[in-house]
Amino acid sequence: MHTHPKPSAPFLKWVGGKSRLLPFLLPRLPAGRRLLEPFVGAGAVFLAANYPHYVINDVNADLVAVWRCLQQRPEQFIAGAKSFFTPANLSRAAFLRIRDEFNASTSALERAVRLPYLNRFGFNGLYRVNQSGLYNVSFGRPARVPTFPEASMRAAAAKLARVNVLQGSFEAVMEMARAGDVLYLDPPYCPTTNGKSFVGYAKQGFGLQDHQRLVDFAHAAARRGAHVLVSNHDTPETRRLYAGWAIHETSVRRSVSAASSHRGIARELLAELTSRHP
């Protein structure tokens, strides 16, 4: 019998975050010995799920540094991150100074402790980099100092005791999946019919060939006995990608986007591939 820390809400805003979809997603996650998330993002699913063990991964090195610092030195990380949430830093000039410090630093810890500030004080919770890999989100002009999410960070730190935190490609994590594992994939979504989808988390982006490769690796994982679930937009293209899979449909209101015209109700699907032993 495993005891589990209290589930935590994400302490970062993240484009495509799954907090609003948890009532739809969690009942559809099967039991297993381990949950693997190759695209963990802000971790809404991982933080709310209930498994004995976890593997979380992201291609975004700064995001992974936050997870690792919170896992390995939580008190230092929380104190460092909290120090930026002050009235003195509630200005565009302060934001740009801290953003410049973030971009100039080569220290994972120094960058990690600044990311919650940039995330909460920056425009609409975006993480976006330019072609040079530099974080370039503008000041969000919050009306007051945002609440520092200390309770959520501490709950996450407790859960991270049972987590293997990785940074790299989704393929490497998918290749780890075996019988008894649940593989939940939340990649940058395929474009909708108006061509809109946010892929600015990393400078290399995520295209249709990447989605097709993900499907190929999913079939291989299922043949090894893993249970695979993928979230994406519900479009003719994604229906083609996941042909033969079980499809669960839902709608979600989008509120974190670079432009208000891209917010609103979006149709999504959860594609499920059950284990298929040879």
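Every value quoted in this text rests on a predicted model; they were computed, and no experiment measured them.
- Under the 3.5 Å distance criterion, the side-chain polar atoms of His211 are matched with a main-chain donor or acceptor of Pro188.
- Rounding to the nearest 0.5 Å gives a distance of 9.5 Å between CG of Leu241 and CG of Asp216.
- Taken together through direct or relayed side-chain contacts under 4.5 Å among Ile, Leu, Val, Met, Phe, Trp and Tyr, Phe95 and Leu134 form parts of separate hydrophobic clusters.
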Margin query: Walk me through whether Phe39 and Phe206 qualify under ring-ring contact (aromatic ring centres under 6.0 Å, His included).
Written below: CA-CA 12 Å; Phe39 304 89; Phe206 202 91; 5.7 Å; yes

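- With hydrogens and angles disregarded, a donor-acceptor distance shorter than 3.5 Å links the side chain of Asn130 to the backbone of Ser132.
- Counting only distance, with no hydrogens or angles, the side chain of Asn119 and the backbone of Lys13 share a donor-acceptor pair below 3.5 Å.
- Summarising the geometry, atom CD belonging to Glu171 is positioned 10.0 Å from atom CG belonging to Asn57; distances are rounded to the nearest 0.5 Å.
- Scored by the side-chain hydrogen bond (donor to acceptor under 3.5 Å, both in side chains) test, Ser251 finds no partners at all (sequence neighbours excluded).
- Checked against side-chain hydrogen bond (donor to acceptor under 3.5 Å, both in side chains), Tyr117 has no partners two or more places apart in sequence or in another chain.
- In this structure, Gln209 has no side-chain hydrogen bond (donor to acceptor under 3.5 Å, both in side chains) partners at least two apart in sequence or on a different chain.
- For residues 102-113, the side chain to side chain donor-acceptor pair (under 3.5 Å) pairs, not counting sequence neighbours, are Asp62-Arg111, Glu110-Arg114.
- Of the possible donor and acceptor atoms, none in the side chain of His53 sits under 3.5 Å from a partner among the backbone N and O of Arg34.
- Annotation: Arg97, atom CZ; neighbour count of heavy atoms from other residues, nucleotides and ligands within 6.0 Å is above 12.
- Checked against Phe121 for a ring-ring contact (aromatic ring centres under 6.0 Å, His included), the options Phe139, Phe85, Phe148 give a single hit: Phe85.
- Looking at residues two or more places apart in sequence or on another chain, you find a side chain to side chain contact (heavy atoms under 4.5 Å, CB included) between Gln72 and Arg68.
- Not a single donor-acceptor pair under 3.5 Å links the side chain of Arg120 to the backbone N or O of Pro142.
- Arg162 places a side-chain N or O within donor-acceptor distance of the main-chain N or O of Pro52, the cut-off being under 3.5 Å.
- Judged by distance alone, the side chain of Arg99 and the main-chain N or O of Val137 form a donor-acceptor pair under 3.5 Å.
- Two residues are said to be in side-chain contact when any heavy atoms from C-beta on lie closer than 4.5 Å; Met176 and Asp181 fail this criterion.
- Under the side-chain hydrogen bond (donor to acceptor under 3.5 Å, both in side chains) criterion, Asn232 pairs with Tyr242, sequence neighbours left out.
- Not one N or O on the side chain of Ser138 forms a donor-acceptor pair closer than 3.5 Å with the backbone of Phe123.
- Between the side chain of Asp234 and the backbone N or O of Arg267, no donor-acceptor pair lies under 3.5 Å.
- Side-chain atoms of Gln71 come within 3.5 Å of backbone N or O of Leu160 as a donor-acceptor pair.
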